[in-house]
Student: 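Pasting in a structure now, in structure tokens, and then I'll have a few things to ask.
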Amino acid sequence: MSRDHVQSPQRPGTSAEEPFLQLLARGASADAYEQPVLLARAEGLPTEYVRALEQAKRLALRVRAEMEGRRRREAELSALFETAHDLAGLRDLDAVLQAIVQRARSLLSTDIAYLTLHDEAAGDTYMRVTEGSVAARFQQLRLGMGEGLGGLVAQTARPYVTPDYFQDDRFRHTWTIDTGVRDEGLVAILGVPLMIGPQAIGVLFAADRRARVFEREEIALLGSFAALAAAAIDTANLLTETRSMLDRLARANEIIRDRSAAIERASDVHDRLAELVLRGGGVHDVAAAVSQVIDGTVEFTEATAAPTAALEASRAEGHAVRHGADWIAAVTAGGELLGALALRGHPELDPVDQRTLERAAMVTSLLLLARRSAAEAEQRVRGELLDDLLDARDRDPRVLRQRAALLRADLDATHVVLAAHLDGAAADADQATAARHRLWSAASHLAATRQGLAAARNGGTVLLLPLDPGDTATDLARRTARQLGTAVRDQVTVGASAPVADLAGRPDAVAAAYAEGRRCLDALRLLGRSGDGAAAEDFGFLGLLLAGERDIAGYVQRTLGQVIAYDERRGTDLVRTLDAYFASGMSPARTKDHLHVHVNTVAQRLERVGRLLGDDWQSPARALEIQLALRLLRLSSPPGS
């Protein structure tokens, strides 16, 4: 049986009002009120009784209309109260104005809302803030007194509404204003003045990009909101009439509490959430608090873990939506999807609890934004410290160590300076800027987790990371390239310096190491090794040119160390044999003449060299490195040795 089912009317002599009272009690639709009369006629009941039913129907419909009107007014009062409550806590003018247009757009469900303020010096009004606007020209409009619909509202201090702007000749059209309105695509516009006493300080607008007739109730509602908005603007600018505003809010609070216990409950939930935020609670604390209020299980989930269709519907509608036996409320901020609150296993949810879940999602978004702001602030502090290490030459080592300790970094530990660059191609300058920001964010997060530092520099990012025992600069560079590439989903090339120590005591150490890391980065990109990581020691003899300090002994050791050690242990002459071999044009026959030994002896020594240095030791690249190492070894040896 449907909700609006009506039993057959009773016979004459019984009350004609009874079936309509049943319909009123069930909250039936207006169409259902015709059924008792139709059934009475169909059953052939007396004409007098049918007329009585029709009279009762008209009375019942009037009662129903009155009840609907009261419910609507209660909802409007609730919205106005929430608006006043939100605006009363704002003190920054920009935040107040943005909140005003957002609420106006939400209350009237329009495509756009905007606000103009008077410029007393210029004698006109100018666009101050918009919500939903997409046209730059529209956002920069100025309206003279009497120009356009807004200029007319500002001049007369009375509300004006037009269902079709370009067909309305009640106000003066100008090319500048009409062009801006046309760029924005607006058709129907409602404007109400923002009044402080007898003085109009601006105009609040709600507009649609299609023809629309704004009802008197909507005009009155926007006018009521404009009154609250004007008071909030005046408070933010002058901090005057505070007592009057508080009295007004108190009266509104009393009205709301008298009219609806549900509103009182919603206010209590709001206070509990506000207290939780002030205590420094997290998103999971909000979920736990709402779970107690709703008597269900509420969880915060990442956007990727929430049902896609329900999440997008909640995001688009701005309300919690049902998904099977669950409810999903999108957690958003400025159009960005941050996650979702999911109410599990609670298919039936009354409107108050639904609003509670939606308000909790809003509080959760504020907490997430606050957490992000704190993280970004720490990233900036880390970047500033690294900038000082890179640029300053006369910083106090004690102060530098103290600043680093606050960030859980140890400047006395051995570090590696890494220069990172994002190698993916960007379609335009905006995308390139966004890509660099993603790289900086990923590098800052990595630095924070590794107790290091990171800063944006030269179109890329520089990191200062501690070197773990047993690790090498090359290992750290390659690992960092992989981690950053995974985070930004693109190729990231990383050049590393040699390990450096005593960073606070050596003001120029970080700058020199960064220059070395940049040279390694440039070498990797020139060699076509994008997405890789390397240090100077990975480039063979080129590493001598890339390194900030010419580590000749280190290069010789890396290239010939095993041969030198073998000679020292066994008393052999492999190094001298190698020198003679290359001096003789890599000819064993000429080498044996130079050394005055048998050619088989030369062959045996070269075979031993191959086992020590690897089978490719005579390849052109390896041979060049070995010959350079031999030459450096001779130059660094004492004369006569």
Side-chain angles (χ1 to χ4, degrees), residues 76 79-118 125-143 148-151 153-154 159-162 165 177 180-194 201-210 212 214 218-219 221-237 314-319 330-338 358-359 361-362 365-366 369:
E76 292 173 355
L80 287 172
F81 172 72
E82 291 182 0
T83 299
H85 188 276
D86 292 344
L87 295 178
L90 298 174
R91 288 298 177 264
D92 177 73
L93 180 59
D94 290 334
V96 170
L97 297 181
Q98 194 64 48
I100 289 169
V101 296
Q102 288 174 350
R103 183 71 71 176
R105 184 187 182 194
S106 173
L107 286 177
L108 272 68
S109 299
T110 56
D111 295 326
I112 180 175
Y114 51 101
L115 183 148
T116 61
L117 292 180
H118 286 351
T125 63
Y126 63 96
M127 193 72 69
R128 184 63 173 80
V129 63
T130 65
E131 176 69 17
S133 172
V134 295
R137 193 199 305 267
F138 179 80
Q139 296 167 11
Q140 299 171 4
L141 280 180
R142 297 188 74 95
L143 294 78
L149 184 143
V153 175
Y160 274 83
V161 60
T162 176
Y165 175 85
I177 298 174
V181 173
R182 187 174 288 107
D183 286 353
E184 193 62 57
L186 300 183
V187 177
I189 305 176
L190 165 62
V192 296
L194 299 175
I201 64 170
V203 182
L204 179 62
F205 298 87
D208 265 346
R209 296 187 175 92
R210 55 181 173 78
R212 169 177 174 174
F214 288 95
E218 294 176 315
I219 299 173
L221 178 59
L222 191 63
S224 298
F225 177 72
L228 291 175
I233 293 174
D234 188 50
T235 300
N237 281 330
S314 176
R315 179 184 188 181
E317 298 172 10
H319 297 290
V331 177
T332 62
E336 181 183 0
L337 189 58
L338 304 177
E358 293 163 359
R359 183 173 292 121
M362 184 183 303
S365 70
L366 294 175
L369 289 178

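Heavy atoms only: backbone and side chains are in, while hydrogens, waters and symmetry mates are out. All figures in this text were calculated on a predicted structure; none of them were measured in a lab. Quick note: residue numbers are just sequence positions, from 1.
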Student: Quick one: does any side-chain atom of Arg209 pair with a main-chain N or O of Glu184 as donor and acceptor, under 3.5 Å?
Tutor: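 The answer is yes, because a donor-acceptor pair under 3.5 Å joins these two groups.
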Student: Kindly determine whether Val203 and Tyr160 satisfy side-chain contact (heavy atoms from CB on, under 4.5 Å), including the steps that lead there.
Tutor: CA-CA 10 Å; Val203 182; Tyr160 274 83; over 6 Å; no
Student: Which distance, rounded to the nearest 0.5 Å, do you find between the OH of Tyr114 and the CG of Leu186?
Tutor: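 These two atoms lie 5.5 Å from each other.
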Student: Quick one: does Thr125's side chain have a donor or acceptor within less than 3.5 Å of a partner on Leu143's backbone?
Tutor: yes
Student: Ignoring hydrogens, what is the shortest heavy-atom contact between Leu108 and Ala206? Give both atom names and the distance.
Tutor: CD2-CB, 3.9 Å
Student: What's the spacing between Ser109 OG and Glu218 CD if we round to 0.5 Å?
Tutor: 8.5 Å
Student: For Asp208 and Thr110, work out which heavy atoms get closest and say how close.
Tutor: OD1-CA, 3.3 Å
Student: For the residue pair Phe205 and Thr116, establish whether any side-chain heavy-atom pair is separated by less than 4.5 Å.
Tutor: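 A side-chain contact under 4.5 Å exists here.
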Student: State, with a plain yes or no, whether a side-chain heavy atom of Leu222 is found less than 4.5 Å away from one of Phe214.
Tutor: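 No, every pair of side-chain atoms sits at 4.5 Å or beyond.
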Student: So do Tyr165 and Ile177 actually touch side chain to side chain, heavy atoms under 4.5 Å?
Tutor: yes
Student: Donor-acceptor pair, distance only, cut-off 3.5 Å: does the side chain of Arg105 make one with the backbone of Asp111?
Tutor: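 Such a contact is found between Arg105 side chain and Asp111 backbone.
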Student: Work out which heavy atom in Val101 is nearest to a heavy atom in Ala113; give both atom names and the distance.
Tutor: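 Scanning both residues completely, I find the closest heavy atoms to be O-CB, 3.4 Å.
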Student: Measuring from His118:NE2 to Leu194:CG, what's the distance to the nearest 0.5 Å?
Tutor: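 It is 8.5 Å, given to the nearest 0.5 Å.
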Student: Are Gln140 and Met127 close enough that some pair of their side-chain heavy atoms sits under 4.5 Å apart?
Tutor: no
Student: Which value, rounded to the nearest 0.5 Å, describes the distance between Arg128 atom CZ and Leu97 atom CG?
Tutor: 5.0 Å
Student: So which atom in Gly191 and which in Val153 form the shortest heavy-atom distance, rounded to 0.1 Å?
Tutor: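 For Gly191 and Val153, the tightest heavy-atom pair comes out as O-CG2, 3.8 Å.
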Student: Just do the side-chain contact (heavy atoms from CB on, under 4.5 Å) check on Val181 and Leu149 with the steps written out, would you?
Tutor: CA-CA 11 Å; Val181 173; Leu149 184 143; over 6 Å; no
Student: Ser314 side chain to His319 main-chain N or O, any donor-acceptor pair under 3.5 Å?
Tutor: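 Checked: pair present.
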Student: Compare every heavy atom of Ile189 with every heavy atom of Ala207, then report the nearest pair and how far apart it is.
Tutor: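 For Ala207 versus Ile189, the nearest heavy atoms are CB-CG1, 4.0 Å.
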